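Here's the structure, in structure tokens; my notes come after.
In this text, all values refer to a predicted model and were calculated from it rather than measured experimentally. A, B, ... follow the sequence lines: proteins, then strands. Residue 1 opens every chain.
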2 protein chains.
Amino acid sequence: MQTHPALQDAATILPFPGARTLHADLLSGLRDLVNQGDLAPGARVPERALCERFGVSRTPLREVLKVLAAEGLVELLPNRGARIATLGDDHLFHLFEVIGLLEAEGGRLACARITPDAVAEIQGLHYRMYAHFLRHELPEYFALNQQIHAAILTAAANPVLSSSFASLAGRITRARYMSNRMHPARWQQAMDEHEAMLALLLQRDGEGLAALLRQHLANKRDIIIEAMATPG
Amino acid sequence: MQTHPALQDAATILPFPGARTLHADLLSGLRDLVNQGDLAPGARVPERALCERFGVSRTPLREVLKVLAAEGLVELLPNRGARIATLGDDHLFHLFEVIGLLEAEGGRLACARITPDAVAEIQGLHYRMYAHFLRHELPEYFALNQQIHAAILTAAANPVLSSSFASLAGRITRARYMSNRMHPARWQQAMDEHEAMLALLLQRDGEGLAALLRQHLANKRDIIIEAMATPG
DNA sequence: CTCCCGTAAAATGAATGCAATCCGTGCTTG
DNA sequence: CAAGCACGGATTGCATTCATTTTACGGGAG
């Protein structure tokens, strides 16, 4: 019955774009647990508990853990299972160094390759974010913020760049969650930087945008390290 | 008996450096099969055959396949198993774009952070490579070549940068194997570029080295694309 | 002759079972 | 009394097994 449409879909999907894996929900579920801090850094990953938590057997869960280990979110110890990866200061520094590099290049390429429509879309996101900034609505601000950065990466039109960035950015998501509160001055500064970003994007100033993005991320890094230093 | 030393080892290993996973040999074994072309791009990955090939059950093999999928060497299709990832021209272009970015940054950082000992070591590698170049010993030349690039990355002293580079470089290893023959003119050019690289490294000219590495990789890209276009 | 469909064989994805290893508790011993 | 050790429970890693889907092959209709 459905063999034909399925086969056609498969044929169209097969050539290039990576098809969704069956256990994608499990993967994202575990990622959320790690990012939201339900599993503390350095803590053991309780396979049994997570199995009944997600209603699956240990086999698929272990496969997902292997993937998370490849992504750097957990560490696998022989005969001792998985532990949530820790984020040391130097490791965080190195992560930001590479993430800043990728994002800067993303901005540079975006200025060269972006379409007017995409610029307009980013502009729209920016103003919506600005509105949330004025109303001090932090979660919505953060959401739009990430969408803008993702849109710039997308405009760079390099899937490898995007996925590499996403992979590395995923490792610091947890640290970001921890620093959800923001000093008003820092927030204002971040908003100013976003204003400048939009201006540079409109001018297609790739070098300027690259430099600004790098500085923007360096500031964010300082915020996060600051937040990690002062617990609470 | 060995509980105590093992525990101590684990305690020292546990804090930061990622411990070796138990099935690392299986992973590298599969990688080699893909890179050496024993498994053609786009071909199905025969789980059963590989299981008896490596003498393991399907469970660990499937876990490794998931990891390889996360690395981008294979693609997982729902209910249809794994296929060797294909390397389209545009995908190859995007890969080289990011790899070049990472390697250029590696050179830049290396010039800022490298120790005199490391410089001397790279110099030694370089002259050994030069000797193989003069004798037209391509495999040895390639091996030293990769060692030099790896040494520069190591000198950049950023593990995240190194591992990201290694991950992406691993995806084009297969394409590299295919273009093992080299036109004499191209080879001479590559050797000249390596000479310049060493000079720039000795001068600690980070910007110059970054630019040269990028150009060097762009040339390599052209060689590979050229080799892919002309089969045989 | 070509195309389509129905059935069997094979392969995938997940669950369960089993040997080996690790961790916590209580006991022994100097 | 402290330190080391042995033993039992718990956990890991892998092999095996089972349902579901896909794929290959043969027959029949147009």
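When rounded to the nearest whole Å, the span between CG of B:L77 and C1' of D:dT21 equals 14 Å. Rounded to a whole Å, the CZ atom of B:R48 is 10 Å from the P atom of C:dA10. Protein atom CG of A:L76 is 14 Å distant from nucleotide atom C1' of D:dT11, rounded to whole Å. The separation between A:R44 atom CZ and D:dT11 atom P is 8 Å, rounded to whole Å. We find that CG of A:L27 is positioned 16 Å from C1' of C:dA14, with the value rounded to whole Å.
Closest to the A:P60 side chain, of the nucleotides C:dA14, D:dA15, C:dC22, is C:dA14. In this structure, of C:dT12, C:dC23, D:dG13, it is D:dG13 that holds the atom nearest to the side chain of A:R62.
Of the residues near DNA chain D, B:S57 and A:A82, the one whose nearest nucleotide (by heavy atom distance) lies more toward the 5' end is A:A82. Of the residues near DNA chain C, B:P46 and B:T59, the one whose nearest nucleotide (by heavy atom distance) lies more toward the 5' end is B:P46.
The minimum heavy-atom distance linking A:A82 with A:L65 is given by the pair CB-CD1, 4.3 Å. Looking at every heavy atom in both residues, B:P41 comes nearest to B:A85 through CB-O, 3.9 Å.
Across all strands, B:R58 comes closer than 4.0 Å to base atoms (heavy-atom distances).
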Are B:H149 and B:N145 close enough, and set up right, to give a side-chain hydrogen bond (donor to acceptor under 3.5 Å, both in side chains), and what steps lead you there?
CA-CA 6 Å; B:H149 285 279; B:N145 191 323; 3.1 Å; yes

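Contact annotation: A:R80 reaches the phosphate of C:dC23 (side-chain N/O to OP1 or OP2, under 4.0 Å).
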